[in-house]
Amino acid sequence: MELYDLRVCVDRIEGRSVCGMSVGDYFELTDSAHLKIPEGKHFCVYAVAAVLPFLAAKQREVPAGDWLAQDSHFACPDPEERLVMRVERTGRRRMNSADLT
């Protein structure tokens, strides 16, 4: 099977950043389930929780008409912050599904 590696990046902050993140901060999801945050950085767990349900779908090929094929922006649930994240596909890798649980 083939899966995409993903980068989830802070695209914009339309309110005030109460979690200490800045535009350009990111984490990567690689090898199906490896979450990587750059050394010395952090990513708000509530922002991760907001985008997490969509990542498995974004890792896979979806039909062209599917909204997930066209939409790549997700919002943190904090209404004061209005942090918007962008999910980008950074690479494609072939994996053996028998190696995954």
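- Side-chain contact between Glu88 and Tyr26 is absent, with no heavy-atom pair separated by less than 4.5 Å.
- Between Arg93 and Asp5 there is a salt bridge, since a side-chain N of the basic residue sits under 4.0 Å from a carboxylate O of the acidic one.
- Put simply, Leu35 and Leu3 are part of two different groups of oily side chains (I, L, V, M, F, W, Y) that touch within less than 4.5 Å, one to the next.
- Within the 3.5 Å criterion, the main-chain N or O of Glu14 finds no donor-acceptor partner in the side chain of Glu81.
- When hydrophobic clusters are built by joining Ile, Leu, Val, Met, Phe, Trp and Tyr residues whose side-chain heavy atoms come closer than 4.5 Å, directly or via intermediates, Val48 is grouped together with Val8.
- With sequence neighbours left out, the ring-ring contact (aromatic ring centres under 6.0 Å, His included) criterion links Phe43 to Phe27.
- The shortest side-chain heavy-atom distance between Phe74 and Val87 falls under the 4.5 Å cut-off.
- Of the options Ile13, Val18, Asp11, a side-chain contact (heavy atoms from CB on, under 4.5 Å) to Leu83 is made by Ile13 and by none of the others.
- A donor-acceptor pair under 3.5 Å links the side-chain atoms of His42 to the main chain of Cys19, judged by distance alone.
- Residue pairs meeting the salt bridge (Lys or Arg N to Asp or Glu O under 4.0 Å) criterion with at least one member in residues 17-27, sequence neighbours excluded, are Asp25-Lys41.
- Between Glu61 and Tyr4, the shortest heavy-atom contact is OE1-OH, 2.7 Å.
- Between Ala50 and Ala75, the shortest heavy-atom distance links the atoms CB-O, 3.5 Å.
- Comment: Glu80 engages Arg16 in a salt bridge, judged by a side-chain N to carboxylate O separation of less than 4.0 angstrom.
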Output a table of donor-acceptor pairs, distance under 3.5 Å, between side-chain atoms of residues 51-58 and any protein atom two or more places apart or on a different chain; print 'none' if there are none.
residue : atom : partner : partner atom : Å
Lys58   : NZ   : Leu68   : O            : 2.7
Lys58   : NZ   : Asp71   : O            : 2.9

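- Val62 and Met1 are assigned to two separate hydrophobic clusters, defined by single-linkage of ILVMFWY side chains at heavy-atom distances under 4.5 Å.
- Gln59 places a side-chain N or O within donor-acceptor distance of the main-chain N or O of Ser32, the cut-off being under 3.5 Å.
- A distance of 12.5 Å separates CZ in Arg7 from CG in Leu29, rounded to the nearest 0.5 Å.
- A chain of hydrophobic side-chain contacts below 4.5 Å, direct or via other Ile, Leu, Val, Met, Phe, Trp or Tyr residues, connects Leu6 to Met85.
- Between Glu2 and Arg92 there is a salt bridge, since a side-chain N of the basic residue sits under 4.0 Å from a carboxylate O of the acidic one.
- Taking CZ of Arg86 as the start and SG of Cys9 as the end, the distance is 4.5 Å to the nearest 0.5 Å.
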